[in-house]
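Notes for the one structure printed next.
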Amino acid sequence: MKVLLVIIIILILLVVGIYCNTLFRGRNLIWGQIFRELKMPENAQVAILGLNYAGLFIDVAKRLKAPGKVTGVNIGNENVTKQESERIKENRVADRAKLVDGSLLNLPLESRHYDYVLSTFTFHSVSPAINRGRAIQEAVRVMKPNGTLIIVDFGNLQQYRPLLNILGFQDVRVVPTGINGWWGGPWLKTSVLRWIIE
């Protein structure tokens with residue numbers, strides 16, 4: 001009985017440890033790898049759809065120089081807008097960071113304007129699930145024809161490939177992130193959907 005209890009405690013600690021790794025370290029590593037591969041120019045126009053990972057918005061703003069700009073779309077949480085506004089001031093990036101409130105289903109953004117459209121842990125929360133297709137169409141609408149789409153999320157990102165193919169996007173890749181994207185274990189893992197003109 002004691003052995004079984006010890007095994008259960010070890011498993012629980014392992015799950016919690018893996019979850020904490022993703023929460024506090026893994027997300028940074030995932031986005032760090034993405035940015036190394038993107039080589040984003042300082043004058044890029046970037047849209048971030050959903051501000052569920054607070055570090056991403058300011059990190060992108062720090063990588064840019066005016067006229068480059070990042071526009072973060074807050075999806076229905078007033079506290080996020082307040083927090084990010086404070087972080088803009090603290091990090092002195094007001095000349096290249098802008099916040100707007102909106103919906104993934106009707107983005108308050110200009111069409112064909114953004115070089116990069118990024119989203120992190122946002123699309124899975126669109127419900128009902130059938131609306132996720134509409135959210136993908138909106139992401140594509142605001143992206144320049146030669147732009148880059150990156151979605152980091154858990155769940156089945158493969159479901160977006162057929163729609164993106166219909167919209168004219170070939171070579172859509174869905175890449176697993178490994179243990180750095182496991183939310184407790186491999187049963188809830190993060191993947192990266194990428195469409196990049198190379």
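Under the 4.5 Å side-chain contact rule for hydrophobic residues, Leu107 and Val100 share a cluster. Linking ILVMFWY side-chain heavy atoms closer than 4.5 Å, directly or via other members, places Ile151 and Trp182 in two distinct hydrophobic clusters. Leu157 and Ile179 are members of different hydrophobic clusters when ILVMFWY side chains are connected at heavy-atom separations under 4.5 Å. One hydrophobic cluster, built from ILVMFWY side chains closer than 4.5 Å, cannot hold both Leu188 and Leu29; they sit in different ones. Linking ILVMFWY side-chain heavy atoms closer than 4.5 Å, directly or via other members, places Ile18 and Phe121 in two distinct hydrophobic clusters.
Among residues two or more places apart in sequence or in another chain, the salt bridge (charged side-chain N to carboxylate O under 4.0 Å, His left out) test is passed with Lys98 by none. When the salt bridge (charged side-chain N to carboxylate O under 4.0 Å, His left out) test is applied to Glu90, no partner is found at least two apart in sequence or on another chain. Here Lys82 pairs with nothing under the salt bridge (charged side-chain N to carboxylate O under 4.0 Å, His left out) rule; sequence neighbours left out. Partners of Asp153 according to the side-chain hydrogen bond (donor to acceptor under 3.5 Å, both in side chains) rule, which considers only residues two or more places apart in sequence or in another chain, are His124.
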Under the side chain to side chain donor-acceptor pair (under 3.5 Å) rule, what do Asp115 and Thr148 come out as? Steps first, then yes or no, please.
-> CA-CA 6 Å; Asp115 302 296; Thr148 296; over 6 Å; no

Show your working on side chain to side chain donor-acceptor pair (under 3.5 Å) between Lys65 and Asn43 and close with a plain yes or no.
-> CA-CA 6 Å; Lys65 289 200 168 122; Asn43 65 344; over 6 Å; no

Side chain to side chain contact (heavy atoms under 4.5 Å, CB included) evaluation trace for Trp195 with Met143 | CA-CA 11 Å; Trp195 185 80; Met143 188 172 68; 4.2 Å; yes

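Side-chain atoms of Leu49 and Leu118, non-hydrogen and from C-beta on, never get closer than 4.5 Å to each other. By the 4.5 Å heavy-atom criterion applied to side chains, Leu167 and Gln137 are counted as neighbours. Counting only heavy atoms from C-beta outward, the side chains of Val73 and Leu109 approach each other to under 4.5 Å. Using a 4.5 Å cut-off on side-chain heavy atoms (C-beta onward), Asp59 and Phe35 make contact. At a threshold of 4.5 Å between non-hydrogen side-chain atoms, the residues Tyr116 and Val70 do not count as touching. Looking only at side-chain heavy atoms (C-beta outward), Thr71 and Ile48 stay at 4.5 Å or farther from each other.
For Lys144, the NZ atom is densely surrounded, since the number of other residues' heavy atoms within 6.0 Å is greater than 12.
Each of Ile150, Leu149, Val175 was compared with Leu193 under the side chain to side chain contact (heavy atoms under 4.5 Å, CB included) criterion, and only Leu149 meets it. A side-chain hydrogen bond (donor to acceptor under 3.5 Å, both in side chains) with Asn180 holds for exactly one of Asn21, Thr190, Thr22; it is Asn21.
Of the possible polar contacts, one joining the Arg132 side chain to the Val126 backbone as a donor-acceptor pair under 3.5 Å is found. Side-chain N or O atoms of Thr177 include none that pairs as donor or acceptor with a backbone N or O of Ile30 at under 3.5 Å. Formation of a donor-acceptor pair under 3.5 Å by the Arg87 side chain with backbone atoms of Gln83 is not found in this model. The backbone N or O of Val142 lies less than 3.5 Å from no partner atom in the side chain of Ser111, so there is not a single donor-acceptor pair. Side-chain N or O atoms of Glu84 include none that pairs as donor or acceptor with a backbone N or O of Asn79 at under 3.5 Å. Under the 3.5 Å distance criterion, the side-chain polar atoms of Thr122 are matched with a main-chain donor or acceptor of Thr120.
Note that CD1 of Ile136 is 11.0 Å distant from CG of Leu105, once rounded to the nearest 0.5 Å.
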In a table with atom names and distances, give each donor-acceptor pair under 3.5 Å that connects a side chain of residues 3-17 to protein atoms at least two apart or in another chain.
none

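Relative orientation of the Trp183 and Phe154 rings is perpendicular, given thresholds of 30° and 60° on the angle between their planes.
Note on residues 155-170: pairs passing side chain to side chain donor-acceptor pair (under 3.5 Å), not counting sequence neighbours, are Gln158-Arg161.
What you find for Phe57 and Gly72 is that their closest heavy atoms are CE1-N, 3.5 Å.
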